[in-house]
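Report on one structure; see the data block that follows.
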There are 2 protein chains.
Amino acid sequence: MKRGLEKIAPRFKLWLESGKTASVFGDGKWRLLNAINQTGSLSAAAEKLGISYRKAWGDIRNAEGALKVKLLDRHRGGKEGGRTRLTEEGKRWLREYGRFQAAVDKAVRAGYQDWLGRMQTAREGTAGEKGA
Amino acid sequence: MKRGLEKIAPRFKLWLESGKTASVFGDGKWRLLNAINQTGSLSAAAEKLGISYRKAWGDIRNAEGALKVKLLDRHRGGKEGGRTRLTEEGKRWLREYGRFQAAVDKAVRAGYQDWLGRMQTAREGTAGEKGA
DNA sequence: CATCGTTATGTTGAGCAAAACATATCGCGC
DNA sequence: GCGCGATATGTTTTGCTCAACATAACGATG
């Protein structure tokens with residue numbers, strides 16, 4: 001087996017673009033929706049993800065603006081100070097984009113295994129290949 | 001059909017990591033190998049890709065260092081000033097990583113189509129869906 | 001009507017990767 | 001041995017994202 005290749009691992013980033021805007025949706029926003037869905041609060045979601053509230057808020061702003069979709073129902077004031085929940089559209093994005101991402105992840109793993117196999121077998125018969 | 005979704009397109013980045021090094025190989029280095037293979041020169045390849053020679057050289061340095069593989073045969077001096085060609089290993093990386101990338105690209109497109117379909121059909125029977 | 005916790009939003013600073021700039025080295029051919 | 005064109009490599013500038021900081025608005029509740 002070709003040494004060195006064992007330590008290597010594939011990584012990928014997936015996102016959606018729309019014209020000028022570099023990334024209208026991707027893993028970060030997906031995680032954010034997920035956290036909001038679990039916590040019922042934008043600030044709590046931000047803290048959970050280890051990002052600033054400022055960034056979380058800005059991300060949502062950009063996503064909703066670019067997609068022209070209302071992802072969240074947000075409310076200020078009240079006993080709890082406020083709350084945020086996903087709209088039906090938001091839930092749909094969370095669910096379906098998650099599936100999309102999972103499918104790509106699966107393909108990357110499979111493609112990587114194929115690649116590994118090809119990189120290794122391509123040297124069969126090269127001599128000096130002492131097995132374990 | 002849900003409006004807005006037509007303008008959206010999926011993008012992805014794929015790369016290989018090894019421990020501490022963030023990216024030991026990816027699309028940029030693949031393109032670079034490809035251009036070197038076509039031009040027979042590192043500087044010509046850099047110009048072709050619109051990147052500085054400094055960056056191209058550094059990328060090769062990092063890749064060869066992290067992978068512990070000799071990707072290029074480089075020569076200085078001579079009438080032409082110098083030249084650079086891919087080693088057999090270099091050609092193998094070019095070919096096989098290209099296939100890996102192509103497979104992932106295909107999966108992304110397919111996954112995106114599935115996603116699009118799900119995002120659109122999920123609203124059938126919602127009323128107000130006046131066709132073109 | 002004062003309090004409290006959350007949403008809302010502008011502003012400034014820090015960190016990092018790429019671009020830009022600057023030289024040095026090599027070696028064949030004339 | 002001088003020149004040309006490509007490789008080799010250190011240094012400086014910049015540009016962009018995210019973190020950090022600061023402050024306002026909101027509104028149910030006691």
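Proteins get letters first, then strands, A, B, ... in listed order; numbering begins at 1 in each. Since the structure is predicted, the reported quantities are computational estimates derived from the model, not experimental observations.
Side-chain atoms of A:Arg31 do not come within 3.5 Å of backbone N or O of A:Leu49 as any donor-acceptor pair. Checking side-chain atoms of A:Arg85 against main-chain N and O of A:Leu72 turns up no donor-acceptor pair under 3.5 Å.
Comparing D:dA8, C:dT9, D:dC18 by their nearest atom to the side chain of A:Trp57 picks out C:dT9. Of all nucleotides listed (C:dT7, C:dG29, D:dA20), C:dT7 comes nearest to the side chain of A:Tyr53. The side chain of B:Arg54 approaches C:dA20 more closely than any other nucleotide in the set D:dC18, C:dA20, C:dG29. Proximity note for B:Ser41 (side chain, C-beta onward) versus D:dA6, C:dA8, C:dT25: the nearest is D:dA6. When distances are taken from the side chain of B:Leu42 to each of D:dT7, D:dA19, C:dC21, the shortest belongs to D:dT7.
Distances shorter than 4.0 Å separate none of the side-chain N or O atoms of A:Arg83 from OP1 or OP2 on C:dT6. Note on A:Thr84: every side-chain N or O is 4.0 Å or more away from OP1 and OP2 of C:dT6. OP1 and OP2 of C:dG5 both lie 4.0 Å or more from every side-chain N or O belonging to A:Arg76.
In this structure, A:Asn62 places its CG atom 15 Å from C1' of D:dC16, rounding to the nearest Å. Rounded to whole angstrom, the span from the CG atom of A:Leu72 across to the P atom of C:dA8 amounts to 9 Å. The separation between B:His75 atom NE2 and D:dA8 atom C1' is 15 Å, rounded to whole Å. One interatomic measurement links the two molecules: CD of B:Glu47 to P of D:dG5, which rounds to 13 Å at whole-angstrom precision. Computed from coordinates, the B:Asp59 CG to D:dT7 P distance equals 15 Å when rounded to whole Å. The nearest whole Å value for the distance from the CG atom in A:Asp73 to the C1' atom in C:dT7 is 14 Å. If you take NZ of A:Lys55 and P of C:dT12, they are 21 Å apart, rounded to a whole angstrom. Atoms NZ (A:Lys79) and C1' (D:dT29) sit 8 Å apart, rounded to a whole Å.
Each of A:Gly82 and B:Gly50 was matched to the nucleotide of DNA chain C holding its nearest heavy atom; the match closer to the 5' end belongs to A:Gly82. Along DNA chain D, the nucleotide nearest to A:Gly78 and the one nearest to A:Ser52 differ in position, and the one closer to the 5' end is contacted by A:Ser52. Between A:Gly77 and B:Gly40, the residue whose closest nucleotide on DNA chain D is further toward the 5' end is B:Gly40.
Note on ring orientation: taking the six-membered ring where Trp is involved, the planes of A:Tyr112 and B:Phe100 are tilted (angle from 30° to 60°).
Between A:Arg74 and A:Glu64, at least one side-chain N (NZ, or NE/NH1/NH2) sits under 4.0 Å from a carboxylate O, which counts as a salt bridge.
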Using the ring-ring contact (aromatic ring centres under 6.0 Å, His included) rule, take A:Trp15 and A:Phe25 through it: C-alpha gap first, then chi angles, then the decisive distance, then the call. CA-CA 6 Å; A:Trp15 70 94; A:Phe25 205 86; over 10 Å; no

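Heavy atoms of A:Ser43 sit under 4.0 angstrom from primed sugar atoms or phosphate atoms, though from no base atom.
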